[in-house]
Every structure is written in C-alpha cells, then in structure tokens.
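Since the structure comes first, as structure tokens, the remarks are kept for the end.
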Amino acid sequence: MTAVELSGDGSTVAIHTVATTYALRLDAEAGSVRPVHWGARIGVDALLAVPALPSPHPDTFEAPWEAAEDYPVQGGRAFGPASLGCWFPDGTTGLELRIVSHHATADQFTVSLADRHQPLAVDLHYRPAPGTDVIERWAVVRHTGDTGAILLHRHDSGAWCVPPRDDYRMSHVTGAWSAEGRLHRTPLPTAETHLTSRRGVTGHHANPWVMIDDGTAEEQHGEVWSMALATSGSWRLVASRSHSGRCAVAGGAGHDGVRHELRPGESLTTPLFAGLYTTGGFGAASRAWHTYQRRHVLPHPGELRPVLYNSWEATTFDVTAEGQLALAKLAADLGVEMFVVDDGWFGARTSDRAGLGDWVANPHRFPNGLRPLADEIRGLGMGFGLWVEPEMTNPDSDLYRSHPEWVHHTPGHQRTELRNQLVLDFGRPDVREWAARWLDQLVRDTAAGFLKWDFNRPITEAADPAWTQHAAGVYEVIDRLRATHPDLRIESCAGGGGRIDLGILCRTDQCWTSDNTDAVDRLEIQHGHTQVYTAATMVAWVTDSPNPLTGREVPLRFRFHVAMTGVLGIGGDLTTWSPDELTAAREMVTVYRDIRPVVQHGELHRLRPPHSAMSALQYVHENRIAVFCFRVDADFAPGLRSLPLTALDPEAVYRDEDTGATYPASLLLGPGLPVTLPGGAHASTLVRLHRVAD
Ligand code: DGJ
C-alpha cells in the first residue's frame, strides 16, 4: 500500500501512516473536502462504503457539516469558524469553492479549489511523515487575478476533524513566565474554545498544540487525536464542538483581526499543522510526537546534546573575563562540555536598561574582545557559547539612536517598553540584513559553537503582517546563519519557554524550558513540555539552593536527577559550591553522560505524574533503561516501594547496572521494580537497567 491511495472513482483518498489512516471524501460539485475516517489503517476501497454526510434540509437552521469540513470557508451556511475568510476588492466576503483538481503521488496528496466568482484559489496539501503516525498539512492561498488586493482576515492551515464520539475532552498547556507547561485535561464544551497568542511569539501562556480524547483515555491506553502547529508568531487554535456532536480543531497563524493583503499573482503558504492518531493513550501520543521530531523536525537528531554550563544565575549582568574563567575552570572539572556566557558581555549592557543592539564586546570588560576568553574556554576542553537577543534593542543603545524607525511601532503612538526594550521589526529586509551580518561576524570572530537566542518581551504596536511575518524574518536569519556555520548549534529561549514550537524546532537544537530552575516546580514544567516535545530539546540546569527565584532548598541529588531527565546543564555559582558538592556534581555528570543516549534518544514513558506520592519516568533505548523516581514530600513510613515498568520484552532479564541485581521482565512489568527512597523530603533515585538475556 502506498502512503496515498486514491479510489478508482476519484471520490475518496486515504492517507496512510505507519499504523493509521486519514481519509477524505471529495465532492467536486459541492466544493467540499470532508473527512470520512481518522483511525486504524484501512484501505481506500473499504472506505467507499462510508456514507457521505447528509445534505442539509433546505428549511433547517442546521448545518450538518459543522466541525466536519477539512477546510471550512466563510460564506453560505458555514456557521463555524472559517479556515479561510476574506474581503474581496468589491467589498463582498463569501466564498463558493469548487474542486478544480487533485493530485496524488506516492507520498503526498494535493487538492486544489477555486472560488466560482472571485480570483481566489486554495491548494490543500497532505503529507504523511515517513516512519511516523503524523500527517503534515498546509494550505497555499493564491490570488489568481490581475487587479485588486484581497484582504485575508483568516488563513488557517486547516481543520482536523475528530471522528464522532459520545464525549470529547481536550488536553493543552497554559502558563506564565517561570510557570510554563501547566497541563490541563478538561471536558470540551459545546462551544468554540480558542487557544491563541496575540503576542507575535508562541508565548508562555499557551502552546500551539492540543490532544482530544473521548474522556476515557489514560496515559497508557485509549484513543487520542493530537494536533500541533509549526509557527512562532501569533497563532490561533479553535477546538469546536458542535450541537450535532462533532469536534474539529482548526489552526493557523495570526490572531483574530490580523489581516494579510494578497495582491494579484501572490500566494500565501500557511505553516504546517501536523496531526496524529493513536490508540495508546497520552503517553503514546507524546512518543509519536517525539519520534516525529527526531525524524522530521530537529536539524541534528542523531547528535547528543552537550552538558552545558550557563553563567546567568551565577553572574547575571556582572560579566567579566576573570569571573567567567573562574566558573569555566570549575565547570570543566565537572565534565561540562559547552560553556555559555549569558547576557552582559556586550555594549553598555551592565543592566537590563542599556546596550541591547550594540553587539560588540564591552570594551571595559573585554578590552581585547571575546576571542581570548573563548580560546581559554576551548583550551579547558569545552565548547564556547554566547547569549544573544538579536530581535531587541534598548532605547538607550547606539543602535536605537541611529535607527529608531527599525522597531515595531505605530506612528504617533507610545512605544510600549517591556524590560526596558523594544522589538526590532524583522519583517524589514534592512533589519534582517543587519542581524545576519553581525551574527555571522560574531560567530566568526569568537569561533562560537553555540548561541542561546533569547527574546524577552512580546511584540506590541506592530503593523498587521508583523504578527506572523516577524517570525518568518527570524527564521530567515537563523537559516542563513546555520547555512554559513553548519557546526553552530542554537538554543531557542524567550524569557524561558516562550518560544517552543515545531516551527522554531526545525532550525534550533534545543530550548530553554523555563527561567524557573527550582527542581520541584520543574517537574511540573517538564511534564508539560514532554507532552509534545522530546526530552532531547528540554534543557534543564542544576542551580543553587536555596533557589534564587523561589527560595526553596532542595538537595543537590534531587536537583541533578530532575535536570538529568532532559538535556543536563549547570547554572549555579560553582565558586560557592563546597568540595563535597563539586565531587557529587562530578559524579552525577559522569552518570548523566553514561545514560544520556537513553534519555535523549530513547522512548519516554511517564509512569507516574509529578503530583503523585512518588512520580516516575522511564526511558527506554535499545537494550538500556533509565528510571527516575521523585518524592517531593517527606514520607513518614519510608521503605521499599515497587514501581511497575512498561514496554519491556516480557521474556527478557534485566540487570541493575549499579547494584548488579537481576530481574526478569515479568517481575518488572508485574509486581514492579523495587525502589528505595530515603525518608526526608525531596528524595530521588535513578535506576539504570541493562537487558542481559532472554
Ligand atoms: C531570559 C533567559 O530566559 C535567561 O536565562 C537569561 O538568559 C536572561 N533572559 C538574560 O537576560
């Protein structure tokens, strides 16, 4: 069976993934593309028997295709959220589409529709991502005339329709700065539920993905449909549940009211809106997204992300060559592989009030530039990395003084300052050119192998297209930089986890998940992150105790174990750590480097969520397993606990790499892995298992 199967009569197309099928019925005359199946794998001929939706009675108020169209457009009796809405030059708004053609290749399907009256056409593209259960889709909206601009006020990538079920529930994350990734699992109301960013960036407060189930799915079983949008500007997802009991999730770039002017001959390509179906519960949905990222999204999925040190919490803006070098020597001794100098190395940047935009080393702090420090750090056996925030400027900067017109602004209006900074308009070619040049020069001058690309405030006062096109400009600059410096690795950061999405992950290697480095809070934040994004993207630092942000005291071992479930980093002030702490840290880094392939390239099974009496994560990679257990509160009846594992070959035998104990898989899967945690609060352990025999 090829990945795309078209029925002989051309009425039905089946798009197959590894284990699932998504099928569409094409009604050329009605101009409709309606899903007839999204579930287990099934051949197209069998799907011909699936009845079409009934035509609406001419006298009824109802529209039976509500939440049942793949690309609902504004006009006629389409009362739900339109994926495509516009104003034509003559002031009319409604569309009447017809299918003009369709084209199936072995791995992609495209159906082209055109309006019957106006010069507007749309191509809907579907592509199963090989080796996964993910289907990517996007739309291309085209102005086919030669006069008058068409103003698009909605241009979604499409709507994913979930098959009819008795009930629907939606999973998604909300958050805030330092409180990202809070998972919510709530009944879907008979209404339109909007998740959106109006900030010109992905945002901390929501993330562009959802999971839908019928209310019965659990972590390890049940039907789950999930959708994720690959965009880093403003966005909108609308989960609709109609009165007739249908459910659809529409998604696209831009928030309500944002318009895009489509001039004659122009076209607009929407971001990818990926979707998947699984019967394996929320855990399987997450693993399917992780596999997809490893195979089709991340630029260097085969690599292991380095253990990094980041100086931000240790020095904040007080950056000096001596101070960084003192930290670097200690970091190198712990086994750190990449040393990153954070904010404060450039221009007049000695606080957040000045210097952004002046990307030359601070002449007082680095009279000979950064190269000597970079070379010394490399001499210690580590890579050298730098923090940058290319899209921002402080009004108190040479850049802003010479180019006040470069920031997003509305003429005559106040320029909203947040963290004392303004956002440069990356929609402008001159701004992009400037950024691409200094970034290239900086990487050349310092031979930096790593950039942490930050973005510390939302966009305000932007002109219409900027809400989505700013991000496109950022993509272009990053893509240019990566093409010129193929060995450069980039971390996406936006005041913590404010820019994490499938769009930025196509061109960056990892994300800074949150500015909250409190290990207890981090359990929740990381639980939210891994719902869709792989642990290989999730950078987590071990910082000082008490935590500078929350004041919570947490033992070093717990802090390490939490950070070791993603990409381990260290961010504490190592000059204040005791010899015992440094020794323990060195040992933990060694252990992490040993299990790193299991964590970063393995399959994640969330055995017990963060709020459990004992939460647990299991990573499986080839013949190795890493199990992390965490107990936040003190246990007044401490002792041996059993933790049933999952996803093991039931015939195999596993050996504990630290104690030498052996366990048949039947024991690990049944009664469970024996786990001992000490009695106090913030207890944790890591168990490393190796498959030894059948
Ligand atoms: C926000 C980031 O999330 C922090 O890690 C740090 O880089 C600061 N910006 C620096 O201004």
Side-chain angles (χ1 to χ4, degrees), residues 177 199-201 311-312 315-321 324 340-371 373 385-446 448 451-463 466 470-471 473-474 476-478 480-481 490 493-495 498-499 515:
W177 174 78
R199 299 161 194 238
V201 66
S311 65
W312 174 244
T315 61
T316 60
F317 292 104
D318 193 9
V319 175
T320 61
Q324 297 294 308
V340 185
V341 177
D342 209 278
D343 198 351
W345 58 264
F346 55 91
R349 187 76 169 168
T350 53
S351 74
D352 65 13
R353 287 186 293 279
L356 272 177
D358 300 337
W359 297 104
V360 285
N362 180 316
H364 308 295
R365 294 176 165 186
F366 300 97
N368 301 316
L370 289 168
R371 187 64 189 237
L373 175 64
L386 274 175
W387 177 94
V388 292
E389 196 177 8
E391 299 148 80
M392 299 291 169
T393 185
N394 288 116
D396 184 1
S397 68
D398 293 342
L399 178 76
Y400 186 72
R401 280 183 281 273
S402 49
H403 286 295
E405 77 284 8
W406 276 11
V407 301
H408 290 293
H409 68 282
T410 307
H413 285 220
Q414 214 175 43
R415 298 177 177 203
T416 303
E417 287 181 30
L418 295 163
R419 208 193 189 206
N420 306 306
Q421 61 197 57
L422 297 164
V423 190
L424 294 166
D425 181 356
F426 265 52
R428 290 178 63 122
D430 49 0
V431 172
R432 291 199 298 273
E433 192 56 35
W434 163 84
R437 277 174 193 265
W438 74 255
L439 282 160
D440 172 53
Q441 197 60 49
L442 179 69
V443 174
R444 276 178 210 282
D445 288 350
T446 60
L451 291 181
K452 174 179 173 185
W453 183 302
D454 207 346
F455 180 93
N456 277 298
R457 55 153 293 175
I459 296 176
T460 55
E461 289 99 29
H470 179 98
V474 174
E476 186 194 303
V477 173
I478 297 181
R480 274 176 70 175
L481 188 63
I490 303 177
C493 172
R499 183 151 62 192
D515 276 350

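Inter-residue side-chain proximity for R437 and Q441 is flagged as unmet; no heavy-atom pair is nearer than 4.5 Å. Inter-residue side-chain proximity for D445 and L370 is flagged as unmet; no heavy-atom pair is nearer than 4.5 Å. Proximity of S311 to W387: side-chain heavy atoms (C-beta onward) are nowhere separated by under 4.5 Å. Between R480 and R432 the shortest side-chain heavy-atom distance does not fall below 4.5 Å. Considering only heavy atoms from C-beta on, R415 stays 4.5 Å or farther from P395 through its side chain. Contact of the L439 side chain with the P390 side chain is registered, since non-hydrogen atoms from C-beta on lie closer than 4.5 Å. The shortest distance between side-chain heavy atoms of F346 and L442 does not fall below 4.5 Å.
Between E391 and R457 there is no salt bridge, since none of the side-chain N atoms of the basic residue sits less than 4.0 Å from a carboxylate O of the acidic one.
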Audit row: W406, W434, ring-ring contact (aromatic ring centres under 6.0 Å, His included) steps and yes/no: CA-CA 11 Å; W406 276 11; W434 163 84; 5.7 Å; yes

From CA spacing to verdict: side chain to side chain contact (heavy atoms under 4.5 Å, CB included), V423, M392: CA-CA 5 Å; V423 190; M392 299 291 169; 3.9 Å; yes

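The two atoms that bring F455 and P458 nearest to each other are CE2-CA, 4.3 Å, heavy atoms only. Summarising the geometry of T460 relative to H408, their closest heavy-atom pair is O-CB, 3.7 Å, with the distance given to 0.1 Å. Here the shortest heavy-atom pairing between L422 and T416 reads CD2-O, 3.5 Å. Residues A494 and R499 share a closest heavy-atom pair of CB-N, 3.5 Å. Residues A361 and G369 approach most closely at CB-CA, 4.2 Å, considering heavy atoms. Counting all heavy atoms, side chain and backbone alike, N420 lies closest to E417 at CA-OE1, 3.9 Å.
Once rounded to the nearest 0.5 Å, the distance linking CG of D515 with CG of D454 reads 7.5 Å. Considering CG of L356 and OG of S397, their distance stands at 7.5 Å, rounded to 0.5 Å. For the atom pair CG (L481) and CH2 (W453), the distance works out to 6.5 Å, reported to the nearest 0.5 Å. Between atom CH2 of residue W177 and atom CG of residue N456 there is a gap of 10.0 Å, rounded to the nearest 0.5 Å. Here D352 contributes atom CG and R419 contributes atom CZ; the two are 5.0 Å apart, rounded to the nearest 0.5 Å.
Annotation: side chain to side chain donor-acceptor pair (under 3.5 Å) contacts involving residues 353-368, sequence neighbours excluded, are absent. Applying the salt bridge (charged side-chain N to carboxylate O under 4.0 Å, His left out) rule to pairs touching residues 392-404 yields D396-R401, D398-R401, sequence neighbours excluded.
Applying the side chain to side chain donor-acceptor pair (under 3.5 Å) rule to D343 yields the partners R349; only residues at least two apart in sequence or on another chain are considered. Residues passing the ring-ring contact (aromatic ring centres under 6.0 Å, His included) test with F426, sequence neighbours excluded: H470. For D318, there are no salt bridge (charged side-chain N to carboxylate O under 4.0 Å, His left out) partners two or more places apart in sequence or in a different chain. Q421 pairs by the side chain to side chain donor-acceptor pair (under 3.5 Å) definition with E389, not counting sequence neighbours.
Within the 3.5 Å criterion, the main-chain N or O of R371 finds no donor-acceptor partner in the side chain of T446. Looking only at distances, a side-chain donor or acceptor of S402 sits under 3.5 Å from a matching main-chain atom of L399.
The only member of L373, L386, T320 that meets side-chain contact (heavy atoms from CB on, under 4.5 Å) when paired with W345 is L386.
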